[in-house]
Amino acid sequence: MGADKDLLSSSLSQDYAYGFSSEIETETLAAGLDESVVRLISEKKGEPPWLLAWRLDAYAKWLDMEEPRWAKLSFPPIDYQKMIYYASPKQKKGPKSLDEVDPALLETFNKLGIPLREQEALSGVAMDVVLDSSSVATTFKKTLSDLGIIFCSFGEAVQTHPELVRKYLGRVVPSSDNYFAALNSAVFSDGSFCYIPKGVRCPMELSTYFRINAMNTGQFERTLIVAEDETYVSYLEGCTAPRRDENQLHAAVVEIYAARDAEVKYSTVQNWYPGDKDGKGGIYNFVTKRGLCAGTRAKISWTQVETGSAITWKYPSCILKGDHSVGEFYSVAISNHHQQADTGTKMIHIGKDTRSRVVSKGISAGQGQNTYRGQVQILPSAAGARNFSQCDSLLLGSSCGAHTFPYIDVSNPTAVVEHEATTSKIGEEQIFYCHQRGIDTENAVALIVNGYAKEVLKQLPMEFTVEAQKLLGLSLEGSVG
Amino acid sequence: MLSIKDLHVSAEDKPILKGLNLSVNAGEVHAIMGPNGSGKSTMASFLAGREGYHLLRGKVQFKGKDLLSLAPEERAGEGLFLAFQYPVEIPGLGSLQFLKTALQEIRKYRAQEKLKTTEFMKIVHQHAETMGIAMEMLTRPLNEGFSGGEKKRHEIFQMAVLSPSLSILDETDSGLDIDALRTVAKGVNALRAKKNAMILITHYQRLLDYIVPDKVHILFEGQIIKSGSKLLAQELEKKGYEELIASYQKKLSDTSA
Ligand SMILES: Nc1ncnc2c1ncn2[C@@H]1O[C@H](COP(=O)(O)OP(=O)(O)OP(=O)(O)O)[C@@H](O)[C@H]1O
Ligand SMILES: [Mg+2]
């Protein structure tokens, strides 16, 4: 595939820019996918038989499915037989210090305001050294385990807590859910597992330090979060720093299970390589994210800042099953140059007096195409359900596009569903006003866009808001004037 | 400070400024008056560097530099400030965040050190008090939902914080109640100093009772047709433009005859 090759060669030529050379171990499977590949992945990871069976079942379902093409996205066919589905973890020989890292990369880090220690880790400075010497991290780990919180890689959880994984895996996103979820279920590489036992409030954002750890989990990432009765956890996925990967297709699955009075806040900052200015290369990001508010008064809140990827296909959703449960979706999605984003949410109201709130802020620049696709479904059982959706689009320039597709399906007469949508442009008047106050075009656009996205940004964990604000500005550099 | 020589400017092929001459020295306050559509706002916007105008002829020097060769944000960096006739709203953007960025960028242009947030806030508190601006208003998004008077007051507050050397106030007095007019005048007078200059664009003598100008100019069809002392404004208040314009036109036809 042409684009594949371009991406590969560009990421290879970028190797130096990212400050490390990778020594790839020999044990990499040939390209292609069949049952033996699924078996081999499971075997390599030392998985129990039930998990192999689960993978095989997913694989069989995937074979019978077709790649969805209903989204407003255009991309060449993906050849699933040309991809490599298993590679043993890469050994990286990193630079010894930041002095050896490309200054251009460090400049980006500094523009984003990423702390020094994280810069080291992100640019591949001998990671274990960084982490081992981080006493903060050790303290964090101790605090968590004292509370009975399990937070580890998915693979580790399969070994140490197989009963929990087995109980919840696929419960919210069944392997048959959609084409990409089925593929992920068959071949997922690794990911994260998080379990909050009854009555525990997780005292820290599962983020600051851990976001480094969560890197390199591969192209088929799987995350499972279980929050038992009366719990709270805030989880942060991703990183504002630009991320490159030679794998063009990413198909992750995130499942959240929230029991009675559990609250889960899930925040994402996605900044995968978007391709170059002409739309060459870039990551295809097909993600399935869903949360189940299983118990009464459970609450799940998704916040996403999507600035990267060539293609984003992503609809973090909430199933509001418990009475009085609450689902929220806050999103900022940028599509600049030739980026395409088709993103939104599904709020499925099943329980009584369930509430959902959707705030979507699309930003299109260059030739970017930005689509909001949202579904609000009120089942007959959901008496007194309420939904409010606000979908705004901001256009920079005249070659980009914004599209809104709200699907509303109400089967209970006592429900109230409200939908508002606006489209606006950055006005010359606004830019001139900023200019007159000494602010140049780039800073002006960053200020205006951040003002526009404020309602979403303020949902992010505090320490992350500033980085995200800068990221929005950086993503739009050069798009006006 | 500012010297405008034989300035001809058009917008969409329509000549608007037709041979404007104006010279403003440091420490002076000039008032510019003139009927609607005479080109007052055009002059202000053009000097500040707004797009959409064509320079046909003329020169503008600002503090010894060729003003028209500078980008608008560089003009601000050099110390030019425009209080807008219609201040723009920027939804969601906190007024203070905006102002802080502005001040930092201007300082950067002048190769001055970055201001610490505490120092910035000190300046803000000081001027907010003089200008009778509630801190609550400054936490709101820029000009969003501000009343007409609040917007104007906020412009003068920004001017005070940025402390420019030349301020152009485009009808800042329009739409102000009498108390607000007094506070705006207070703000302007506080900034009035030997090294600063101001151009007040106004329709009313009233403002000039509070801010006494050194000179008053009448702009008509893109030219200054008469200049004088503050007495000119009082005369205008009594007689209106008609008589002035008539005598100007008579003079014109006399010379061309
Ligand atoms: N961009 C433009 N394109 C075309 N005509 C313009 C443009 N800008 C200004 N004009 C015209 O130029 C003339 C002067 O406008 P300007 O706004 O400078 O007047 P003013 O003296 O400020 O008037 P007022 O007292 O009403 O504020 C008006 O006839 C106006 O319609
Ligand atoms: Mg005007």
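Sequence lines set the chain letters: A, B, ... in the order given, protein chains first and strands last, and positions in each chain run from 1.
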Engineer: Let's test your reading of the structure: which of B/S45, B/A102, B/A71 forms the most heavy-atom pairs below 4.5 Å with chain A?
Structural biologist: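 That would be B/A102.
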Engineer: Is B/Y109 close to chain A through its backbone or its side chain, or both, or neither, when contacts mean heavy atoms under 4.5 Å?
Structural biologist: neither
Engineer: Counting only heavy atoms closer than 4.5 Å, note whether B/L99 contacts chain A via side chain, backbone, both or neither.
Structural biologist: neither
Engineer: So which of A/Q436, A/E428, A/E429 actually passes side-chain contact (heavy atoms from CB on, under 4.5 Å) with B/V88?
Structural biologist: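 For B/V88, the side-chain contact (heavy atoms from CB on, under 4.5 Å) check succeeds only for A/E429.
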Engineer: Apply ring pair (Phe, Tyr, Trp, His ring centres under 6.0 Å) to residues B/F98 and A/Y433 and explain how you reach the verdict.
Structural biologist: CA-CA 11 Å; B/F98 173 77; A/Y433 193 79; 5.6 Å; yes
Engineer: Measuring heavy-atom distances to chain A, does B/E144 have an atom under 4.5 Å in its side chain, in its backbone, in both, or in neither?
Structural biologist: neither
Engineer: Between CG of A/N443 and CD of B/E73, what distance do you get to the nearest 0.5 Å?
Structural biologist: 9.5 Å
Engineer: To check you understand the geometry: which heavy-atom pair defines the closest contact between B/A76 and A/G438, and what is its length?
Structural biologist: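 Here B/A76 and A/G438 meet closest at CB-N, 3.3 Å.
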Engineer: What part of A/D440 gets within 4.5 angstrom of chain B, counting heavy atoms only: side chain, backbone, both, or neither?
Structural biologist: both
Engineer: Is it true that, when you exclude B/K63 itself, more than 12 heavy atoms of the residues, nucleotides or ligands shown sit nearer than 6.0 Å to its NZ?
Structural biologist: yes
Engineer: In terms of heavy-atom contacts, does CZ of A/R373 have more than 12 from other residues, nucleotides or ligands at under 6.0 Å?
Structural biologist: yes
Engineer: Are B/L162 and A/R437 side-chain neighbours, meaning at least one heavy-atom pair lies under 4.5 Å?
Structural biologist: yes
Engineer: May I ask you to check whether over 12 heavy atoms, not counting those of A/R386, lie within 6.0 Å of atom CZ?
Structural biologist: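 Open.
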Engineer: B/I90 and A/C434: side chain to side chain contact (heavy atoms under 4.5 Å, CB included), yes or no, with the steps?
Structural biologist: CA-CA 10 Å; B/I90 303 186; A/C434 293; 3.9 Å; yes
Engineer: Is chain A contacted by the side chain of B/R50, its backbone, both, or neither, given a heavy-atom distance below 4.5 Å?
Structural biologist: both
Engineer: Between B/P87, B/G77, B/P91, who has the most heavy-atom pairs with chain A when the cutoff is under 4.5 Å?
Structural biologist: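 Top count of heavy-atom pairs under 4.5 Å with chain A: B/P91.
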Engineer: Mark yes when over 12 heavy atoms from residues, nucleotides or ligands other than B/K151 sit less than 6.0 Å from its NZ; otherwise mark no.
Structural biologist: yes
Engineer: Rounded to the nearest 0.5 Å, how far does CG of A/L447 lie from NZ of B/K100?
Structural biologist: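 The NZ atom of B/K100 sits 12.0 Å away from the CG atom of A/L447.
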